[in-house]
Amino acid sequence: MMKLKNITLLGMLMLSTHLSFGQQDALFSQYMFNPFAVNPAYAGSRRSISSVLVHRSQWLGMQGAPNTQTLSVHSKAGATKLAWGVNMAHDVIGPSRNFWGALTAGYHLQLSTGQLSFALRGGVFNSTLDRSKLDFDNQADIYNVSGKESALVPSFDFGAYYYTNRFYAGLSVNHLTKHTFNYDGYPTNTELYLDRHYMLMGGGVFEIKSGFVLKPSVMLRYAEGAPFSFDANISALIKKIWWIGASLRKLNSIVLVTEFNVTDYLRLGYSFDLSLTELRKYNAGSHEFFIGFDFAPKKDNNLSPRYL
C-alpha cells in the first residue's frame, strides 16, 4: 500500500483531520479577526474594502506538515445592498498541493435589530499529487511513481451571517456539490471527493470600561466523516489598539492570539498553537501570521469594536 515517508506524520494527520484527498480546507486560528475566510456572507460587513493576507505553518519542524497561504478581498458594492468578494488559497501537505480560487456575491438585509446577509461563493479547487514523494512497501502496488497527477473541480459555498454592533453569528457550508476528483493514474476503485464542511460561529463584544473591551467567540466545525471540532476564544481589546487572547481547540490544543491595530487602515496579527497531545513531541507548534488592510473606511465614531 502507499505510504508517506514520514509514517508518524501520516498517522497524526489521519487522526486530526478527515482526508478524502489531502487537507481540503485549511484550519485558521484567527477566524475571529478574519471571518470571510470561513463564511462568504461576511463580505461587505466591514464598511470598507477589506483585504487580508494569511500565512500558516502548521506543526513546524515536522516533515510534510501543512503550509498555507490565503488572500481575500471583500466589500459592499457601492451604496447598494450587494456585496462582493475574492478568495485565493494555496495549501501544501505531504505529497499534495492544493489551490483554491473563488468569487463571492452577497446580499445584505436591514432588519429592525441588525443586519442579515446571505452569500454564494463559487470557484475552482485544484489538487496536485507528486507521486515521487510516495513510498511503497509492496512492489505489486506500484502503478506509476513518476510525475504528477492533477485534478480540477468546481466548488460552491453558501453562508448566512447576522450582525449588530455588539453581536454576530454565522453559518456556512463549503463544497455544497461534493464534486468527485477524476485521476487517470489512480485505481478506478479509489474514491476522492470534496467533503462538505459545516461551520457555525458566533461572538459578542462587551465594553467593561473605557479603553477595555472583551470579545468572546466560538467556532464549531464538522466535516462529513470526520470528528466534530470546536474553538472557544476570549480576547481583550486594550485602548482600541491591541488585541490579546487565547483559544481552546477541542480540548487538545491551546492557541495564543494577538492583533495590533497599527492605524485605522492596517492590522497585524499572530497566533501560536500548542498541542496538548502526543503530537507536541514531534513539532515546535503552529504559527499563523496575519496582515489586514481596510481601504477608505468610513469614519464613524460609534464604530463597534467588533470591526477593529
Side-chain angles (χ1 to χ4, degrees), residues 26-39 42 45-48 50-61 65-74 89 163 165-168 170 199 201-221 229-276 279-280 283-295 297 303-308:
L27 176 71
F28 296 107
S29 293
Q30 299 178 78
Y31 67 88
M32 71 293 294
F33 299 131
N34 185 26
F36 185 55
V38 295
N39 190 331
Y42 185 76
S45 67
R46 285 189 65 87
R47 308 177 189 175
S48 65
S50 180
S51 63
V52 171
L53 178 65
V54 175
H55 171 83
R56 179 175 176 83
S57 295
Q58 192 164 325
W59 303 333
L60 201 66
N67 186 287
T68 305
Q69 299 78 40
T70 69
L71 173 65
S72 62
V73 182
H74 67 93
Y163 61 101
N165 284 339
R166 292 291 183 266
F167 172 80
Y168 69 93
M199 285 163 283
M201 63 179 180
V205 172
F206 304 93
E207 189 167 4
I208 306 303
K209 62 179 181 179
S210 180
F212 185 78
V213 173
L214 286 180
K215 181 179 179 179
S217 62
V218 64
M219 165 72 75
L220 309 179
R221 305 182 187 88
S229 179
F230 72 88
D231 280 40
N233 174 270
I234 181 70
S235 294
L237 176 63
I238 303 171
K239 297 186 181 298
K240 293 188 178 182
I241 295 177
W242 185 31
W243 285 103
I244 184 169
S247 299
L248 179 65
R249 176 174 298 140
K250 200 184 173 183
L251 304 179
N252 59 25
S253 298
I254 292 177
V255 183
L256 304 179
V257 179
T258 186
E259 182 183 292
F260 183 65
N261 296 313
V262 181
T263 68
D264 289 341
Y265 307 90
L266 174 64
R267 301 175 288 146
L268 300 176
Y270 169 75
S271 66
F272 173 74
D273 299 18
L274 176 65
S275 176
L276 301 178
L279 187 62
R280 68 181 183 276
N283 72 92
S286 301
H287 304 262
E288 187 174 300
F289 300 91
F290 168 107
I291 181 169
F293 292 95
D294 289 281
F295 300 98
L303 188 64
S304 168
R306 179 177 69 83
Y307 294 101
L308 298 179

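The chain is numbered in sequence order, starting from 1.
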**Prompt:** Shortest non-hydrogen contact from Ser253 to Ser275?
**Reply:** OG-CA, 4.0 Å
**Message:** My understanding is that only residues two or more places apart in sequence, or in another chain, count here; which of them pass ring pair (Phe, Tyr, Trp, His ring centres under 6.0 Å) with Phe272?
**Reply:** His287
**Message:** How long is the straight-line distance from CZ of Phe230 back to CG of Leu248, given to the nearest 0.5 Å?
**Reply:** 5.0 Å
**Asked** Just wondering, do Ser247 and Met32 contact through their side chains at under 4.5 Å, heavy atoms?
**Response** yes
**Item:** Step-by-step side-chain contact (heavy atoms from CB on, under 4.5 Å) determination, Leu60 to Asn283
**Value:** CA-CA 5 Å; Leu60 201 66; Asn283 72 92; 5.8 Å; no
**Asked** Which residues pass the salt bridge (charged side-chain N to carboxylate O under 4.0 Å, His left out) test with Arg56, sequence neighbours left out?
**Response** Asp273, Glu288
**Message:** Quick check: closest heavy atoms across Ile254 and Leu276, and the distance to 0.1 Å?
**Reply:** CG1-CD1, 4.0 Å
**Asked** Would you say Asn261's side chain and Thr263's backbone share a donor-acceptor pair under 3.5 angstrom?
**Response** no
**Request:** Measure across Val205 and Val213 and return the closest heavy-atom pair with its distance rounded to 0.1 Å.
**Result:** CG1-CG1, 3.3 Å
**Message:** If you apply the rule side-chain contact (heavy atoms from CB on, under 4.5 Å), what do you find for Phe290 with Asn34, and how did you get there?
**Reply:** CA-CA 9 Å; Phe290 168 107; Asn34 185 26; 3.7 Å; yes
**Prompt:** Of all residues at least two apart in sequence or in a different chain, which pass the side-chain hydrogen bond (donor to acceptor under 3.5 Å, both in side chains) check with Tyr168?
**Reply:** none
**Prompt:** Is any side-chain heavy atom of Thr258 less than 4.5 Å from a side-chain heavy atom of Trp243?
**Reply:** no
**Request:** Determine, stepwise, if the pair Val255 / Arg249 fulfils side-chain contact (heavy atoms from CB on, under 4.5 Å).
**Result:** CA-CA 7 Å; Val255 183; Arg249 176 174 298 140; 3.9 Å; yes
**Prompt:** Which pair of non-hydrogen atoms, one from Tyr31 and one from Arg221, has the smallest distance, and what is that distance?
**Reply:** CD2-NH2, 4.4 Å
**Asked** Does the side-chain contact (heavy atoms from CB on, under 4.5 Å) test come out yes or no for His55 and Asn67, once each step is laid out?
**Response** CA-CA 8 Å; His55 171 83; Asn67 186 287; 3.6 Å; yes
**Message:** On a heavy-atom basis, which atom in Leu279 and which in Trp59 lie closest, and how many Å separate them?
**Reply:** CD2-NE1, 3.1 Å
**Contact summary for Arg267 and Phe33, nearest pair of heavy atoms** = NH1-O, 3.2 Å
**Prompt:** Okay, side chain of Ser217, backbone of Gly202: is any donor-acceptor separation there less than 3.5 Å?
**Reply:** no
**Prompt:** Are any non-hydrogen side-chain atoms of Val38 and Met201 less than 4.5 angstrom apart?
**Reply:** yes
